[in-house]
Protein chains: 2
Amino acid sequence: MKFEAVTIKDIARELGISTSTVSRALRDSYEISAETKRIVLECAEKLHYTPNPIALSLKEKRSRSIAVVVCEIANSFFSQVINGIESIAYNKGYNVIISQSHESFEREVTDLQFLASRSIDGLIISVSSETENMEHLKKLFYKGLPIVFFDRVSEEMDTHLVMVDNFNSAYKATVHLIENGYKTIACLTNSAHLSITKERIAGYKKAIEDSGELVNEDLIKYCNHGGVHADETEKAMNELINLEKRPDAIIGLSDKLTTGALRFLQKQGISIPKEMGLIGFSNGEFTEFLNPSLSIIRQPAFKMGQTAIELLLAVIESKRPVQEFTRCVLETELIVRDSTSRNK
Amino acid sequence: MKFEAVTIKDIARELGISTSTVSRALRDSYEISAETKRIVLECAEKLHYTPNPIALSLKEKRSRSIAVVVCEIANSFFSQVINGIESIAYNKGYNVIISQSHESFEREVTDLQFLASRSIDGLIISVSSETENMEHLKKLFYKGLPIVFFDRVSEEMDTHLVMVDNFNSAYKATVHLIENGYKTIACLTNSAHLSITKERIAGYKKAIEDSGELVNEDLIKYCNHGGVHADETEKAMNELINLEKRPDAIIGLSDKLTTGALRFLQKQGISIPKEMGLIGFSNGEFTEFLNPSLSIIRQPAFKMGQTAIELLLAVIESKRPVQEFTRCVLETELIVRDSTSRNK
DNA sequence: TAATTTTACGCAATCGTTCCCGACTAAAAC
DNA sequence: GTTTTAGTCGGGAACGATTGCGTAAAATTA
């Protein structure tokens, strides 16, 4: 594979036949006699021939590899999504190339530039929390690169979208807090321009309004880097607990923010769920064993990954240009635990 | 990148010059006049030319992509390692292709076969817990594929190794338990043939012996799939708590096993650290906030990833065959928390 | 037996890029 | 005035594999 690199030519030379015959024999073409096929196969075996995929890619203009761009791998939600993607890509003979944006727009742009220059057949992406401008993606998309968005999607392009029912998830969680007697519910969320933020905030607001209360914008804290920098979450939390009317519950609208809030409250010695209720989006594996056990909204991450890759491969392998795009919305699961049971 | 695919031929045609000149101009060759370079660069810009890496790979016989094989991405330790790998690979212009073995030997073999056929320039691997036979790796290695092992290594090939001081880590953790008054210390570990298992078990045994006790093999439970199947851990734990002399502490010799033990003890209502002390290897992000907070041995996962990729790239980019291989042993961190403080 | 079809294989172009050889012009050296 | 010598550029062969087309020889048919 490296130094030797047996090629079809070596077989041809060894056998005294042409490369075309070898190629056809290897592909079991009908125009090659059974005897020749046998000899070629035998020789290929003997010489440890392995086809060179690069040469194939060059001819076929496809690399059989797809790229996945997420903000961080070391985040349960995203690693579970990748797990789902990989589970299917592997079976279909595709490589999965992974890149992390670390919530940086600049990094996302260079990532994409790099990947695009590496001839990928398709892209699955959840944009960074800094990403407002979609030009870099549009450019690739209109050049013909199949793209599937998941989680943090953009509706600016006509393509497949995989997400959860963000509105309803946030709505349910907020209603749950209200029903448990929490009155002043604050909200820790991502950059305002992200799709997930807009939808989740809308659900949160609707729940507040449906309970007959007024939405207080001061209770909504936007963390523009999604909580990757711990101080960002801390700052937001500090502002919240110093409000003249201190909230009695927090809802974290993404994984890192939920756990960041927990971390902060623990440090400050603010008791959960008594002084402060806490619920949030999370796909962490051990929310059940946290102290207190955490009430969460869990996304079907693995399923989301599978759906995304299936949609992407359908586009890639479609003969004709795909016109119909699905907007796949999956359900989340609200898991109630101790961090929101005030009365316990 | 897909449909148009502007090539240097297009530029050559547009400008009425040869492809060789275009190629040289683009690479800023000394034999091309400044004026021609300017024109070519301008035209390339205008036509949105992007070089085709596949064609380059074919010529240069390198793909600038490396493969990483781990058992699971959705495992903090491995995702942190990958994070470290990616952080450096990205800067050096390499793609990272990730594959999961899911602790299956068969899957590892097919993974590798697939990857090798995709012309990767190098491989970083932590073998699956089922992997005893290294032939599949040897075959690739002797074909010339640079390989770096990390975590679960094999010494059968003369190549770079990145690991932690497993012996000492297990030793320290066991001593810690002993010093805290635990008498009967059981051990939950991976398949017996893995390097990490051997070394960690040796450290555990040494600590027991140093304390003047005898090692009881019944207290060592081997989970051959590393705890990916929950029932495996449960079975082992059940056997332990039903021993005539029930252990009063557990040491988990890998991430999944430590958390698996915690999960089991919680379910059974066995109080930690009173009835049972618990410590183990873990790189989980929230061991601090678990109930009780977990004493752990933390590996420098990010650093391990960085070290592995640096060693690998050095081999890949070396002009002459590399003869000297390092066996890099990093230190772990013992973090004492509530799960081992019996007296509290 | 002659004409036709089938079988089995080789030639050469192609994918996009690089790079080894020339080759040509104009200025410098003899 | 002839020869060197830079300075620029083009032609064409690679890299490994596929494939349309052409064509011998063998097999079939008339």
Side-chain angles (χ1 to χ4, degrees), chain A residues 1-41 43-44 47-64 93 116-121 143-144, chain B residues 1-41 43-44 47-64 93 116-121 143-144:
Chain A
M1 207 225 81
K2 284 270 104 166
F3 295 143
E4 0 186 330
V6 178
T7 75
I8 211 170
K9 282 186 190 170
D10 298 317
I11 300 180
R13 195 181 319 114
E14 175 91 4
L15 260 34
I17 58 180
S18 79
T19 59
S20 8
T21 304
V22 175
S23 170
R24 274 187 270 250
L26 256 20
R27 314 204 114 236
D28 201 27
S29 161
Y30 67 95
E31 21 181 15
I32 302 297
S33 72
E35 175 63 6
T36 310
K37 281 180 190 171
R38 198 186 53 75
I39 296 178
V40 170
L41 251 19
C43 183
L47 264 43
H48 299 109
Y49 166 78
T50 51
N52 183 327
I54 302 271
L56 249 183
S57 293
L58 183 58
K59 261 207 90 74
E60 293 184 354
K61 295 173 184 292
R62 63 190 314 224
S63 58
R64 281 199 160 263
S117 82
R118 303 306 299 264
S119 346
I120 49 170
D121 291 347
K143 264 195 171 186
Chain B
M1 210 222 79
K2 285 273 100 170
F3 297 145
E4 0 188 326
V6 178
T7 75
I8 56 171
K9 282 186 189 170
D10 298 318
I11 300 179
R13 196 179 319 116
E14 176 91 4
L15 260 34
I17 59 180
S18 79
T19 59
S20 3
T21 305
V22 175
S23 172
R24 275 185 273 251
L26 257 18
R27 318 203 114 236
D28 202 25
S29 161
Y30 67 96
E31 17 180 22
I32 302 295
S33 72
E35 175 63 6
T36 308
K37 281 180 189 170
R38 198 185 54 75
I39 294 178
V40 169
L41 252 18
C43 185
L47 264 42
H48 299 109
Y49 167 79
T50 50
N52 182 326
I54 302 272
L56 248 182
S57 293
L58 182 57
K59 269 211 84 84
E60 293 183 355
K61 293 172 186 291
R62 64 193 311 232
S63 58
R64 281 200 160 264
S117 82
R118 304 303 299 264
S119 350
I120 49 169
D121 291 347
K143 263 197 170 184

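Chain identifiers are assigned alphabetically (A, B, ...) following the order of the sequence lines, protein sequences preceding nucleic acid strands; residue numbering begins at 1 within each chain.
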Fill in: Separation of D:dT18 P from A:I11 CD1 (nearest whole Å)
11 Å
Practice prompt. Taking only the side-chain nitrogens and oxygens of B:S23, find out if one of them lies under 4.0 Å from OP1 or OP2 of C:dT18.
Written response: yes
Worksheet entry | Partner residues of A:R64 under the salt bridge (Lys or Arg N to Asp or Glu O under 4.0 Å) criterion, sequence neighbours left out | none
Worksheet item: Are A:I11 and A:E14 close enough that some pair of their side-chain heavy atoms sits under 4.5 Å apart?
Response: no
Worksheet item: Hey, does B:T36 reach any base, or is it just sugar-phosphate, or nothing, if we go heavy atoms under 4.0 Å?
Response: sugar-phosphate
Worksheet item: For D:dT8, does either OP1 or OP2 sit under 4.0 Å from a side-chain N or O belonging to B:K37?
Response: no
Item to complete: Could I get the full list of side-chain hydrogen bond (donor to acceptor under 3.5 Å, both in side chains) partners for B:S23, not counting sequence neighbours?
Response: none
Worksheet item: Given atom CD of B:E35 and atom C1' of D:dC9, what is their separation to the nearest angstrom?
Response: 14 Å
Worksheet item: So, is A:Y30 near the phosphate of C:dC9, with a side-chain N or O under 4.0 Å from OP1 or OP2?
Response: no
Worksheet entry | Sugar-phosphate, base or nothing in reach of A:I54, heavy atoms under 4.0 Å | nothing
Fill in: Set of side chain to side chain contact (heavy atoms under 4.5 Å, CB included) partners for A:R38, sequence neighbours left out
A:E35, A:E42
Worksheet item: Any idea which of D:dT18, C:dC15, D:dC9 is nearest the A:L58 side chain?
Response: C:dC15
Discussion item. List the residues meeting side chain to side chain contact (heavy atoms under 4.5 Å, CB included) with A:P53, not counting sequence neighbours, and say none if there are none.
Written reply: B:R118, B:S119
Worksheet item: Over how many whole Å does the gap from B:I32 atom CD1 to D:dA6 atom C1' extend?
Response: 14 Å
Worksheet item: Of all residues at least two apart in sequence or in a different chain, which pass the salt bridge (Lys or Arg N to Asp or Glu O under 4.0 Å) check with A:E60?
Response: none
Worksheet, complete the sentence: From CZ of B:R27 across to C1' of C:dT17 the rounded distance in Å is 8 Å
Item to complete: Check the distance between C:dC9's C1' and A:L26's CG and give it to me in whole angstrom.
Response: 15 Å
Worksheet item: Of the nucleotides C:dT18, D:dT18, C:dG16, which has the atom closest to the A:L56 side chain?
Response: D:dT18
Discussion item. Within the 4.0 Å heavy-atom criterion, would you say B:I8 contacts the bases, only the backbone, or no part of the nucleic acid?
Written reply: base
Any N/O pairs under 3.5 Å between the protein and nucleotides 23-27 of chain C? List them or say none.
none

Worksheet entry | Nearest-nucleotide comparison on DNA chain D, the residue closer to the 5′ end among B:I17 and A:T7 | B:I17
Practice prompt. Could you tell me the separation between the CG atom of A:N52 and the P atom of D:dC15, rounded to a whole number of Å?
Written response: 12 Å
Worksheet item: What string of B, S and - do you get for nucleotides 21-28 of chain D 5' to 3' if you count protein non-hydrogen atoms under 4.0 Å?
Response: --------
Fill in: Inter- and intrachain pairs under salt bridge (charged side-chain N to carboxylate O under 4.0 Å, His left out), touching residues 47-57 of chain A, at least two apart
none
Worksheet item: Given A:I32 and A:V40, is the side chain to side chain contact (heavy atoms under 4.5 Å, CB included) satisfied, shown in steps?
Response: CA-CA 10 Å; A:I32 302 297; A:V40 170; over 6 Å; no
Close N or O pairs between protein and nucleotides 12-14 of chain C (under 3.5 Å):
from: C:dT14; atom 1: O2; to: A:K59; atom 2: NZ; distance (Å): 2.5

Item to complete: Would you indicate which nucleotide in D:dC9, D:dT18, C:dT17 comes nearest to any side-chain atom of B:A55?
Response: C:dT17
Worksheet entry | Counterpart residues, side chain to side chain contact (heavy atoms under 4.5 Å, CB included), relative to A:K59 (two or more places apart) | none
Worksheet item: Taking only residues two or more places apart in sequence, or in another chain, which ones meet A:T36 in a side-chain hydrogen bond (donor to acceptor under 3.5 Å, both in side chains)?
Response: A:S33
Worksheet item: With sequence neighbours left out, what residues match B:T7 under side-chain hydrogen bond (donor to acceptor under 3.5 Å, both in side chains)?
Response: none
Worksheet entry | side-chain N/O A:S33 vs C:dC9 OP1/OP2, d < 4.0 Å | yes
Discussion item. Measuring only between side-chain heavy atoms, which start at C-beta, is B:V22 closer than 4.5 Å to B:L15?
Written reply: no
